[in-house]
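Chain letters run A, B, ... following the sequence lines, proteins first, then strands; residues in each count from 1.
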Number of protein chains: 2
Amino acid sequence: MKWDDLAQEPCSVARTVAVIGDRWTLMVLRDCFLGVRRFEDFQARLGISRTITAERLKRLVDEGVLRKVRYQDNPLRFEYRLTDKGHDLYPVIMAVVSFGDRHYAGPEGQPGAGPPLLHRHKTCGCDFHPVMTCSECHAPLVARDVETRAGPGARAAA
Amino acid sequence: MKWDDLAQEPCSVARTVAVIGDRWTLMVLRDCFLGVRRFEDFQARLGISRTITAERLKRLVDEGVLRKVRYQDNPLRFEYRLTDKGHDLYPVIMAVVSFGDRHYAGPEGQPGAGPPLLHRHKTCGCDFHPVMTCSECHAPLVARDVETRAGPGARAAA
DNA sequence: ATAGTCAGTTTATTTTCTGGACTGACGATG
DNA sequence: CATCGTCAGTCCAGAAAATAAACTGACTAT
């Protein structure tokens with residue numbers, strides 16, 4: 001299987017991974033949710049090759065995750081903003097953050113103990129961590145409690 | 001910045017992406033949560049180079065996300081199982097699935113409409129989709145309601 | 001006139017991925 | 001007992017992708 005075939009798979013993971021599933025794209029998205037919008041800022045924060053920054057931003061725009069918004073006319077300049085579809089990736093990023101906080105921020109040595117960033121929920125005013133719950137009974141989800149079966153969009157195997 | 005430097009960043013996204021942030025690793029994890037355990041099964045389902053399958057599995061084992069369990073002595077054979085740490089990645093995979101279901105499974109054409117897989121929560125008996133909520137007030141999370149600030153594990157910028 | 005900002009593109013080199021063959025231990029078939 | 005099939009890899013050469021660093025080009029500020 002090659003990269004581009006992923007999007008054709010009858011699998012929601014594959015289709016999503018085809019868009020956001022490489023290292024730098026996820027880092028770009030992290031920065032988007034932190035408010036980064038301009039090419040040079042992505043570039044400076046990521047410290048990767050400009051080629052890749054440009055290519056990844058373009059792909060996210062093509063996929064409708066980001067959109068270019070003109071912020072200056074002369075010379076013509078755009079910034080990159082999350083679309084509604086892009087905002088739907090928030091749970092993905094937060095799930096990743098949550099995993100990282102749990103497993104790579106442990107209070108071991110003195111320096112760097114604890115999570116690098118804290119998240120405050122403005123609605124309730126508390127620092128929180130994200131919890132994935134069932135849309136129906138609202139209980140936290142555990143893999144073992146979930147049964148998977150073919151849905152309407154299934155082909156043969158997936 | 002290079003690949004291996006990611007793990008050193010004071011950022012939970014970067015540290016996690018350093019482990020799971022490439023296309024095939026995420027696909028491997030999807031299969032793990034679907035119950036796939038053996039090398040040949042990963043290999044056949046992914047249809048990628050055996051080299052990569054082997055390398056990715058090894059990395060996940062090194063990172064403590066999977067562990068090898070002997071299931072046969074002669075010849076010695078192992079299967080790959082999720083560790084507790086690995087199970088903590090469930091929200092990540094489900095968030096990805098959820099995004100894919102919403103944006104790449106739309107009921108457009110007749111064939112392939114709707115999500116490829118359905119998920120049933122055994123606890124409540126319902127088909128569900130995952131909802132990311134605040135650990136404190138239990139309301140669904142929206143990016144705009146979240147404020148981020150430096151935590152104890154921050155260095156300079158992150 | 002010179003330097004700096006900003007958003008890229010181009011190029012040459014290095015790294016990674018790919019497909020395919022190969023190893024090696026065993027079990028089943030004829 | 002010779003050959004095929006299963007399983008879990010490893011090895012290799014060629015193709016594809018990522019990298020660093022220089023370059024373009026339009027403008028602004030000094």
Side-chain angles (χ1 to χ4, degrees), chain A residues 1-9 14 17-29 31-32 35-63 66-81, chain B residues 1-9 14 17-29 31-32 35-63 66-81:
Chain A
M1 168 133 38
K2 285 172 221 155
W3 264 93
D4 309 316
D5 304 335
L6 264 184
Q8 261 56 58
E9 289 281 294
V17 164
V19 178
I20 63 156
D22 73 292
R23 288 149 163 111
W24 304 123
T25 300
L26 279 166
M27 298 303 288
V28 167
L29 287 168
D31 282 350
C32 288
V36 176
R37 292 186 175 153
R38 301 196 181 168
F39 185 91
E40 291 295 323
D41 294 333
F42 286 111
Q43 178 53 36
R45 287 174 55 85
L46 297 177
I48 59 179
S49 144
R50 304 177 73 79
T51 325
I52 309 259
T53 307
E55 198 272 325
R56 292 300 192 275
L57 286 170
K58 195 193 312 250
R59 187 143 49 90
L60 288 172
V61 170
D62 290 346
E63 289 291 340
L66 299 180
R67 67 179 197 280
K68 291 173 85 162
V69 178
R70 191 174 65 250
Y71 72 87
Q72 172 184 299
D73 281 323
N74 231 341
L76 199 54
R77 291 261 185 273
F78 298 90
E79 56 183 19
Y80 296 88
R81 299 227 199 177
Chain B
M1 168 132 40
K2 286 173 218 153
W3 263 91
D4 308 316
D5 304 335
L6 263 184
Q8 261 55 58
E9 289 280 296
V17 164
V19 178
I20 63 155
D22 73 292
R23 288 150 161 111
W24 303 122
T25 300
L26 279 165
M27 299 304 287
V28 167
L29 286 168
D31 282 351
C32 287
V36 176
R37 292 184 175 155
R38 301 197 182 167
F39 186 91
E40 290 296 322
D41 294 333
F42 286 110
Q43 177 54 35
R45 287 175 54 86
L46 298 177
I48 59 179
S49 145
R50 303 178 73 77
T51 324
I52 309 260
T53 308
E55 199 273 325
R56 292 299 191 277
L57 286 170
K58 194 191 315 246
R59 187 144 49 91
L60 288 172
V61 170
D62 290 346
E63 290 289 340
L66 298 180
R67 69 179 196 279
K68 292 174 83 159
V69 178
R70 191 174 65 250
Y71 71 89
Q72 173 184 299
D73 282 323
N74 232 339
L76 199 52
R77 292 258 186 275
F78 298 90
E79 56 185 18
Y80 296 89
R81 299 228 200 174

Item to complete: Write down the distance between CG (A:L76) and P (D:dT28), rounded to a whole number of angstrom.
Response: 13 Å
Worksheet item: How many angstroms lie between CD in B:Q43 and CD1 in B:I52, if you round to the nearest 0.5 Å?
Response: 10.0 Å
Worksheet item: Just checking A:Y71: base, sugar-phosphate only, or nothing, at a heavy-atom cut-off of under 4.0 Å?
Response: sugar-phosphate
Fill in: Donor-acceptor pair (no angle test) under 3.5 Å: A:T51 side chain, C:dT10 base
yes
Worksheet item: Between atom CD in B:E55 and atom P in C:dT18, what is the gap in whole Å?
Response: 11 Å
Worksheet item: Given atom CG of B:D73 and atom C1' of C:dC26, what is their separation to the nearest angstrom?
Response: 13 Å
Discussion item. Pick the closest DNA chain D nucleotide for B:A54 and for A:I52 by heavy atoms, then say which residue is nearer the 5' end.
Written reply: B:A54
Worksheet entry | Presence of donor-acceptor pair under 3.5 Å, side chain of A:R50 and base of D:dA21 | no
Fill in: Heavy-atom side-chain contact between B:R77 and B:K68 under 4.5 Å
no
Worksheet item: With no hydrogens and no angle check, is any side-chain donor or acceptor of A:Q72 less than 3.5 Å from a backbone partner on A:F78?
Response: no
Discussion item. Can you measure B:F78 atom CZ to D:dT6 atom P for me and round it to whole angstrom units?
Written reply: 22 Å
Item to complete: Check the distance between C:dG4's C1' and A:E40's CD and give it to me in whole angstrom.
Response: 11 Å
Worksheet item: Just to confirm, is there a sub-4.0 Å distance from OP1 or OP2 of C:dT18 to any side-chain nitrogen or oxygen of B:W24?
Response: yes
Practice prompt. May I ask you to verify if any side-chain N or O of A:Y80 is less than 4.0 angstrom from the OP1 or OP2 atom of C:dC6?
Written response: no
Worksheet item: Only one of A:R45, A:R37, A:R56, A:R38 forms a salt bridge (Lys or Arg N to Asp or Glu O under 4.0 Å) with A:D31, so which one is it?
Response: A:R45
Worksheet item: With nearest nucleotides of DNA chain C determined for A:P75 and A:K58 from heavy-atom distances, which residue corresponds to the more 5′ nucleotide?
Response: A:P75
Item to complete: For the side chain of B:F39, starting at C-beta, report the closest nucleotide among D:dT19, C:dA25, D:dG9.
Response: D:dG9
Worksheet item: Hey, does the side chain of B:K68 come within less than 4.0 Å of D:dG9's phosphate (OP1/OP2), counting only N and O?
Response: yes
Item to complete: Examine C:dC17: is either OP1 or OP2 under 4.0 Å from a nitrogen or oxygen in the side chain of B:R56? Give yes or no.
Response: yes
Discussion item. In this structure, how many angstroms lie between the P atom of C:dG27 and the CD atom of B:Q72, rounded?
Written reply: 8 Å
Item to complete: Grab the CD-C1' distance between A:Q43 and C:dT9 for me, whole Å please.
Response: 13 Å
Practice prompt. Return the value, rounded to whole Å, for the distance between atom CG of A:N74 and atom P of C:dA7.
Written response: 15 Å
Worksheet item: How long is the span from the CG atom in A:D22 to the OG1 atom in B:T25, to the nearest 0.5 Å?
Response: 11.5 Å
